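The block underneath contains the structure these notes are about, expressed in structure tokens.
Letters A, B, ... mirror the listed sequences (proteins, then strands); counts begin at 1. These values consider heavy atoms only, across backbone and side chains, with no hydrogens, waters or symmetry-generated copies. Being a predicted model, the structure only gives us computed values, none of them experimental.
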There are 4 protein chains.
Amino acid sequence: MRLGEDERRAQIVAATLAVVARYGYTNTSTTLIAVEAGVSKGLLWHYFADKTELMKQSVIVATTGISAELANEIDVTAPPPDIIRGAIRWIAAWSVEHREELRAMDQITRGLREKNGNPAFSLADYEPTYRDQEALFRRGQELGYFRPFDTRVMAVTYQGAIDMMLSYADSHPETEVEQYAEALIDIVLAAVRA
Amino acid sequence: MRLGEDERRAQIVAATLAVVARYGYTNTSTTLIAVEAGVSKGLLWHYFADKTELMKQSVIVATTGISAELANEIDVTAPPPDIIRGAIRWIAAWSVEHREELRAMDQITRGLREKNGNPAFSLADYEPTYRDQEALFRRGQELGYFRPFDTRVMAVTYQGAIDMMLSYADSHPETEVEQYAEALIDIVLAAVRA
Amino acid sequence: MRLGEDERRAQIVAATLAVVARYGYTNTSTTLIAVEAGVSKGLLWHYFADKTELMKQSVIVATTGISAELANEIDVTAPPPDIIRGAIRWIAAWSVEHREELRAMDQITRGLREKNGNPAFSLADYEPTYRDQEALFRRGQELGYFRPFDTRVMAVTYQGAIDMMLSYADSHPETEVEQYAEALIDIVLAAVRA
Amino acid sequence: MRLGEDERRAQIVAATLAVVARYGYTNTSTTLIAVEAGVSKGLLWHYFADKTELMKQSVIVATTGISAELANEIDVTAPPPDIIRGAIRWIAAWSVEHREELRAMDQITRGLREKNGNPAFSLADYEPTYRDQEALFRRGQELGYFRPFDTRVMAVTYQGAIDMMLSYADSHPETEVEQYAEALIDIVLAAVRA
DNA sequence: CATGAATGAGCGTTCATTCAT
DNA sequence: AATGAATGAACGCTCATTCAT
């Protein structure tokens, strides 16, 4: 069957994310991806230079989508505590629908290496996110909502707390994510509150 | 050379951790491990059923060691806030000396899969740790040091905050870990304080 | 663009020779040939049954061209020793300008195999050349220029001597081909002279 | 079945030469070699670093053997014309028994490339042979057996004439090699005779 | 108990060839 | 006639695992 270039790329990227989510980064072979996508192995190299390139593209496609979605939901002029409440709730809800995608991205970002063996991604790639969150915390401090604290360490911890929520919900399927989110909101706000 | 079973196992496990730390999880072959341990390739399979089993055992040995070390340092009868302070400081200091070992364990726990593709480790393996920490938080609440909060979510978040500190320090080498630790202590205590 | 069948074949054959000369026989892919010819990959198979066929045709086209050029230069009524002198000098001069083409043809003729593994070319394909040269030697003998000798062995040796000159000049770039040619003429004429 | 290291290497080298002789250099895959040797594919990498290394070793093993055999046969104190007679006769006889080996060596030396694409062997590797033969021709000139001529061009031509004899006999199976050898001796001696 | 030669499945990748458009 | 997306067989090579010694 013949498809347009964009559909094929999307299809292969989706298959990549699915396979990584299901079998883990180290067990993901191009054979498995091709089977999942329902195409021949050879076709992968028609669209992607090599496996690393395919993995990178997959992460980029996924993260771009999520960021855009979240940005859409947030009212940046709201009081900072409300923004935190809203963001945690939205992510918790969103994660229920995108468990696989999350798992895949986690695996790839942690596992992918450059040719020289260095990680292709690292926490350094969170930098823009950290900066946004630091700005949020600083605004909260300036407006008197938040007490003084190290905004960088808070941003790292905050982001980690959200990632842990998603991981914990993933490995403990009985978890009520909405309840977890409320408990986490309580903890985060207690930590920052003036 | 003939050794007792336990010495052999320990020797091989140590070699595994060393190789993973040095070359990374994905570049760790059993051949490399055998060379590092100074034994023949075949001998590995006398002591471990397969590579996955070997990796699992290595992680367990390493984490058990760390836990024991930490437990040694902590005075469980001290006031809970002091325990938290002490623990975070000790881990921060310890991590500086054991960066490679940490990286190895991180890579194995995140990358290792069973034959069927399921993760060999998950947050479920943190269960004993979570329980210990919940006990600590509950004691703090009972003694009036801490406000009421969801102790399970707090334990997960707390453990995550510490892991993030280690990861962040690893990927941002300019970080002053001691300062980071103090800032984190401030945040954690603010979150729990009555 | 639509072209007549013959133009297309010629265009593709020329591209094949160019690619083999530039990248070497083993690195020559049909994709590369198609790009060089400026046509699509698929079009190749309208005009040539398979890669082997394409290569064969290319060699034949090239050798036919060279033979025609040489035949043009030779005065077949001249005394045989003069013909030999002229031919060796002409080939030596010609080779300087066509090093790449020579290399390509050498590589194809030696490397190309039929599906069953048999060489696609062999010295048997020199047969017409050998016959022409035997005729020349026989004429030289009849006219009293040349002593009696085995004309077939002489033809094979003579052709080999010329090929060696080209190969030697190719692998020893400091060689003065004109001087080599004169020394070779001296040797050949000594071998045949009455 | 278990073999000593040297037997295995020899067996694999022999298989390599056989496969190259039969299917040609470019069609020689490691799979084919392993099948021919009757061992598993993986075993090849136990004994040879890569395919190129295996090919190189095979050529070296083969040429070393031949040179030693020939050197054994030649009386270097004999008159130069007798040496030439003896050598051509010996090689002609020897070639009948070693047709396959010859074909393989020819293919490998012409086809093998370094990683960078340059030929791994070239006529430059004939240099020691050329020097030996130049010495022989010079001795013949000094002793008055031979007329003056360019000894380098003569050596190249002489070596080429012998190679052509072997190739011609290979591609024209009806050839009587002994007769060819006598005719060639006649030609060579005519070319050098004082 | 211990070795390391030997196996074989699987890897990422290439590429001649086919075929829907 | 012409395209290039798609296929699939084969490639060189790696490596966990087995087993004769």
Its dot-bracket string being built from Watson-Crick and G-U pairs below 3.5 Å, with | for another strand and [ ] for crossing, DNA chain E has the pattern .||||||||||||||||||||
How long is the line joining [atom1] of [X] and [atom2] of [N], in whole Å?
X: D/N27; N: F/dG12; atom1: CG; atom2: P; value: 11 Å
X: C/L54; N: E/dA16; atom1: CG; atom2: C1'; value: 11 Å
X: C/F48; N: F/dA1; atom1: CZ; atom2: C1'; value: 16 Å
X: B/R9; N: E/dC1; atom1: CZ; atom2: P; value: 11 Å
X: A/E53; N: E/dG12; atom1: CD; atom2: C1'; value: 15 Å
X: D/E7; N: F/dT21; atom1: CD; atom2: P; value: 14 Å
X: A/L44; N: E/dC15; atom1: CG; atom2: C1'; value: 15 Å
X: D/I33; N: E/dA6; atom1: CD1; atom2: P; value: 17 Å

Go through the side-chain N and O atoms of B/E7 and B/Q11 and say whether any donor and acceptor fall under 3.5 Å apart.
no
Between C/R9 and C/Y47, is there a donor-acceptor pair closer than 3.5 Å when you use the side chain of the first and the backbone of the second?
yes
Could you tell me whether the side chain of B/Q107 and the main chain of B/Y25 form a donor-acceptor pair under 3.5 Å?
yes
Under 4.0 Å between a side-chain N/O of [X] and OP1 or OP2 of [N], yes or no?
X: D/Y47; N: E/dA5; result: no
X: A/W45; N: E/dT13; result: yes
X: D/S29; N: F/dC11; result: yes
X: D/H46; N: E/dA5; result: yes
X: B/R8; N: E/dC1; result: no

Taken to the nearest 0.5 Å, the spacing of A/L44 CG from A/D50 CG works out to 11.5 Å
Gap between atom CD1 of A/I108 and atom OG1 of A/T52 - 0.5 Å precision
11.0 Å
A/T28 vs D/E5, nearer the 5' end of DNA chain E by closest nucleotide:
D/E5
Pick the nucleotide of DNA chain E nearest each of B/V39 and A/T31; which residue has the one closer to the 5' end?
B/V39
More than 12 non-hydrogen atoms from neighbouring residues, nucleotides or ligands closer than 6.0 Å to OH on D/Y126, yes or no?
no
Check this for me: D/K56, atom NZ, are more than 12 non-hydrogen atoms of other residues, nucleotides or ligands nearer than 6.0 Å?
no
5' precedence on DNA chain F between D/K51 and A/L43 (nearest-nucleotide basis)
A/L43
If you pin D/T30 and B/K115 to their nearest nucleotides in DNA chain F, which one's is more 5'?
D/T30
Hey, are C/E100 and C/R103 close enough for a salt bridge, meaning a charged N less than 4.0 Å from a carboxylate O?
yes
Between the base of E/dT13 and the side chain of A/K41, is there a donor-acceptor distance below 3.5 Å?
yes
Report which part of the nucleic acid A/T26 touches: base, sugar-phosphate, or nothing (heavy-atom distance under 4.0 Å, all strands).
nothing
